[in-house]
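Below is one structure; the comments refer to it alone.
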Amino acid sequence: MRFETQAIHADHVSDPATGAVTPPIQLSTTFEREPDGSYPHGYVYIRTENPNRIALERLLATLESGAEGAAEAAAFASGSAASAAVFQSLAPGDHVLAPSDVYHGTARQLRSVFAPWGLELDFVDMSDLSAVEAALRPTTRLLWVETPSNPLLKISDIAALCALAHRVGATVACDNTWATPAAQRPFELGADLVVHSTTKYLGGHSDTLGGVVIARAGDQRFTRIREIQGTLGAVLAPFDCWLTLRGARTLAYRMRGHTEHAQTVAAFLAAHPAVAAVHYPGLPSHPGHAVARRQMSLFGGMLSLQVQGGAREALAVAGAARVFTRATSLGGVESLIEHRASVEGPDSHTPQNLLRLSVGLEHPDDLIADLDQALAALSRD
Ligand SMILES: *Cc1c(COP(=O)(O)O)cnc(C)c1O
């Protein structure tokens, strides 16, 4: 089956009790034993297994595995909890190499929780392979990759990074939140683990928080991650599993729309005199375009622009937007605009004149008209 069909049919069976075509939400925290003590349905207690969570995990494993065959997934209460489970699978003294522009929440948990817990950390520019090679140590146990990156949309070469990391025996985890399996399959490029914040494109409607870690079937580290999921208990609740599964069914079509609209918006912005720079891997002028073409089948719905001026000008443009909503996060059907430096706070390295766009599924003409009138705010003052 192809990706679109898998997204709709993988593990889809009508409810045997009622014939309902969509799955029921199973809220029960506990499941009945037979007189002989067995659990005939395989469910014991909600923290370790729940029907909605198992259905979601199976679907996400199927979508991410692509041509690589069987995979397993563990769903967590957030993308952050999913990332944390990967770090918790390491031991104190292990070295972690992460991108210098890794998602700021991931950098924060590494520095404020996992450094005191004993992980050794280094942050490097992952688009620079010689810098990565120089930073790898014999004790490097994990290379964390995130591409495209946030918010500069830098592209790093997943296959080349995997080759470097595997030489020292490190696991490669790829945060595939921005690209999604509809656009990029890290397992096919050699990655060992794939992590998602399902809060973004997989859920797709800005109404449910969640995360997932996916591995090839039989992966040793995943066995530990599954144990962490059940014993530490940062699991995804049944209703959130149900919403995320519903969202994931339409992922392929949403990602095509997001990409088509982002490409159109990027081309419009690149030609606008009030725009100093546009960062979108689908533009041939983007420094990562060639690698992106090789490892992505779609360039995705995220882009950043730098306006002429500084923070004041960027905030004025965001302030004048009418169709784009001023909000953080990404991956929903609605377009969002955000001044990243304000959200990231005083330790942010993001340029002050940068605005990040999550390009939604509204008509692209309306999105362009909105940005055009908002950018006109710069010539008004
Ligand atoms: C949002 C995000 C996360 C964190 O996910 P939460 O669900 O908010 O905890 C991690 N990585 C990336 C790339 C993200 O965009």
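Both counts, for ligands and for their atoms, begin at 1 and track the order of listing.
- Among the atoms of Gly79, some N or O lies under 3.5 angstrom from an N or O of ligand 1.
- Considering backbone and side-chain atoms alike, Glu146 places every N or O at 3.5 Å or more from each N or O of ligand 1.
- Close to ligand 1: Gly210, with a non-hydrogen atom less than 4.0 angstrom away.
- Under a 3.5 Å cut-off, the side chain of Asp101 and the backbone N or O of Asn150 do not form any donor-acceptor pair.
- Using a distance-only test at 3.5 Å, with no hydrogens or angles considered, a donor-acceptor pair links the side chain of Arg249 to the main chain of Ile8.
- Side-chain contact between Phe123 and Leu110: present, with at least one pair of heavy atoms (C-beta onward) separated by less than 4.5 Å.
- Here's the thing with Tyr103: none of its N/O atoms is less than 3.5 angstrom from an N/O atom of ligand 1.
- Distances below 4.0 Å separate heavy atoms of Leu209 from the following atoms of ligand 1: 7 (O).
- Looking at Trp242 and Thr208, their side chains never come closer than 4.5 Å, going by heavy atoms from C-beta outward.
- Using a 4.0 Å cutoff on heavy atoms, Asp175 counts as a contact of ligand 1.
- At least one N or O atom of Lys200, backbone or side chain, sits closer than 3.5 Å to an N or O atom of ligand 1.
- The Trp178 neighbourhood of ligand 1 comprises atoms 13 (C), 15 (O), with distances under 4.0 Å to a heavy atom of that residue.
- Here the shortest heavy-atom distance to atom 9 (O) of ligand 1, taken over Ala77, Ser80, Gly203, Gly331, belongs to Ser80.
- Looking at Phe31 and Pro51, their side chains come closer than 4.5 Å, going by heavy atoms from C-beta outward.
- Under the side-chain hydrogen bond (donor to acceptor under 3.5 Å, both in side chains) test applied with Ser342, the options Glu344, Glu338, Arg340, His339 reduce to a single match, His339.
- Residues Gln306 and Asn353 have side chains that bring a donor and an acceptor to within less than 3.5 angstrom of each other.
- Residue contacts with ligand 1, taken as heavy atom pairs separated by less than 4.0 Å, do not involve Thr198 at all.
- For ligand 1 and Thr199, the ligand atoms under 4.0 Å from any heavy atom of the residue are 7 (O).
- Aromatic pair His196/Tyr201: centroids not less than 6.0 angstrom apart.
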